[in-house]
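Heads up: the structure comes next, in structure tokens.
Letters A, B, ... are given to chains in the order of the sequence lines, protein chains preceding strands, and every chain is numbered from 1.
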Number of protein chains: 2
Amino acid sequence: MKKTVSERADILPVLGEVFRAHGYEGATLALISEATGLGKGSLYHFFPGGKAQMAGEVLAEIDAWFEVNIFAPLRSAEDPARAIAAMLKGTEEYFRSGRRVCLVGVFALGAARDSFAAQVNDYFARWGDALALLLGRSGLSSSVARRRSEDAMLSIQGALVLARARDDAKIFSRAMAELKLRLLAE
Amino acid sequence: MKKTVSERADILPVLGEVFRAHGYEGATLALISEATGLGKGSLYHFFPGGKAQMAGEVLAEIDAWFEVNIFAPLRSAEDPARAIAAMLKGTEEYFRSGRRVCLVGVFALGAARDSFAAQVNDYFARWGDALALLLGRSGLSSSVARRRSEDAMLSIQGALVLARARDDAKIFSRAMAELKLRLLAE
DNA sequence: GACTCTCTGTACTGATCGGTACAATCTCCG
DNA sequence: CGGAGATTGTACCGATCAGTACAGAGAGTC
């Protein structure tokens, strides 16, 4: 048997795309095996906990990416307008301008939410907190900052749903552009 | 064997809840059978096309409900403010103030979108058109009306995702209240 | 070259998948 | 009351599910 020396770091993104495309229940081991090029032996070697562990680690990896590239910059930003623009640019790139779907959102809607409730909740909570903090620092009252940050979270998710529903990625880009104005208004 | 005289009309809503809760791929026939109280014999008697037909008819039923209770009133409304308030009230009730999820949105995000693309797209297209028409009649330019109606579609979907992700139905109610102001602004 | 330890493919498990077949029972209509 | 057609439960189908067992191959170490 050959040894393909697959790294965990190479596998997780592929796993992520499978879960994105088929959801938790739809992502069968056969699909995963095909997408990763790994047999069950390897899969269960890396993830003894099976599908649940795979999904959990994928979520954690996504969370870590957002923590580094989106949340942390938001928290430590000097210029609010610049920070918001950067956040929007980052999310637009991450979601491939609406052609890619949010795995956390997919899990949130499905039955998988129960199993991953903490991770799902945390992701949005930390994003929302970081954004609200920034908006607060830009002069908005904390209640307005809260409401606007919640509006941003929900607009991003909704734009992804609608873009995919109508098969029109431009919906997402339009929503991000409008969100930028709305976040900084007044 | 008894005859429970189950009406198609009684079955569809139950089917809808099963699909809502588990998604298309997650809704197994065993789950459906249990929820409806119907054996496979009855299920396949009513829906010879199996799961796909069930899902298709559920979508059609939902579409019909919205057509009658939301879209049509929007198109024929006299008073825009009143019509929007009615739409928001209707959707808030339908989605049980954020505790219920949108089946069309669930399908849109999953792999089932491909099979039901036309129905999924149509639902949002007709809602968006009806709302844009109304907003246009209220004096907004057609491009602004379009953008705002798109914003409404996406806010509803996003609010449902976020409410479920954070397990906080109030997010949905807040979003609907804010949407009302935003739709009628200026 | 032998000993590990890591990685991998394959064969297998029992359970469950969606779907079919069919006979038994019911309701309705005359 | 006696068919006819609608409705039902159950047994069954092959395929596929998630997961296990395990032997063999690779690489590193001595």
Side-chain angles (χ1 to χ4, degrees), chain A residues 1-59 61 103 106-107 110-116, chain B residues 1-59 61 103 106-107 110-116:
Chain A
M1 325 226 162
K2 48 176 190 264
K3 182 159 175 176
T4 328
V5 241
S6 312
E7 294 283 341
R8 220 186 176 73
D10 299 331
I11 304 171
L12 283 179
V14 181
L15 280 179
E17 295 310 318
V18 178
F19 282 122
R20 251 183 252 278
H22 300 92
Y24 182 74
E25 18 272 328
T28 67
L29 284 195
L31 241 24
I32 292 171
S33 184
E34 192 197 9
T36 56
L38 259 35
K40 289 191 181 184
S42 310
L43 253 13
Y44 274 87
H45 171 72
F46 286 118
F47 308 97
K51 245 174 85 165
Q53 186 183 352
M54 297 180 205
E57 291 202 18
V58 167
L59 279 180
E61 204 218 13
L103 183 59
V106 171
F107 275 25
R113 201 214 51 162
D114 299 336
S115 318
F116 303 98
Chain B
M1 327 222 157
K2 50 177 191 246
K3 184 159 174 178
T4 328
V5 242
S6 312
E7 294 282 341
R8 222 188 175 74
D10 300 330
I11 305 171
L12 284 178
V14 181
L15 280 179
E17 295 309 319
V18 178
F19 282 122
R20 249 182 253 277
H22 300 92
Y24 182 74
E25 18 273 326
T28 67
L29 284 194
L31 241 22
I32 293 171
S33 185
E34 192 197 7
T36 57
L38 259 36
K40 288 190 181 185
S42 310
L43 252 14
Y44 276 86
H45 170 73
F46 286 119
F47 308 97
K51 242 174 89 165
Q53 186 183 352
M54 297 179 205
E57 292 201 19
V58 167
L59 280 179
E61 206 218 12
L103 183 59
V106 171
F107 276 25
R113 200 214 52 164
D114 299 337
S115 318
F116 304 98

Taken to the nearest whole Å, CZ/A:Phe47 to P/C:dT8 is 12 Å

* Could you tell me whether B:Ala52 contacts a base, only the sugar-phosphate backbone, or nothing, with contacts defined as non-hydrogen atoms closer than 4.0 Å? => nothing

Practice task
Would you kindly check whether a donor in the side chain of A:Lys40 faces an acceptor in the base of D:dG19, or vice versa, at under 3.5 angstrom?
Solution key: yes

Here the distance between atom C1' of D:dT16 and atom CG of A:Leu29, to the nearest Å, is 11 Å

Judged by nearest nucleotide, the residue sitting upstream toward the 5' end of DNA chain D, A:Gly41 or A:Ala27, is A:Ala27

When rounded to whole Å, the CD to P distance for the pair A:Glu25 and C:dG18 reads 12 Å

When rounded to whole Å, the CG to P distance for the pair A:Leu31 and C:dC17 reads 18 Å

Report task. Select base, sugar-phosphate, or nothing to describe what A:Gly50 touches, counting heavy atoms under 4.0 Å on all strands. Result -> sugar-phosphate

Nearest heavy-atom contact between B:Ala27 and B:Val18 is CB-CG1, 3.9 Å

A:His22 atom NE2 is separated from C:dC17 atom C1', nearest whole Å, by 17 Å

Here the distance between atom C1' of C:dA24 and atom NE2 of B:His45, to the nearest Å, is 15 Å

All heavy atoms of A:Leu43 vs all of A:Ile32, minimum pair found to be CD2-CG2, 3.9 Å

Separation of C:dG19 atom P from B:Lys51 atom NZ, nearest Å, is 8 Å

Any cation-pi pair here, B:Arg113 with B:Tyr24, using under 6.0 Å and within 45°? no

Whole-Å distance, B:Ile11 CD1 to D:dT7 P, equals 9 Å

Shortest non-hydrogen pair, A:Gly56 vs A:Phe116, comes out as N-CE2, 3.7 Å

Out of C:dG18, C:dT6, D:dT20, minimum distance to the side chain of A:Tyr44 belongs to D:dT20

Winner on side-chain proximity to A:Ser42, out of D:dA18, C:dC17, C:dT8, is C:dT8

With B:Leu15 as partner, the option from B:Arg8, B:Arg20, B:Met54 fulfilling side chain to side chain contact (heavy atoms under 4.5 Å, CB included) is B:Met54

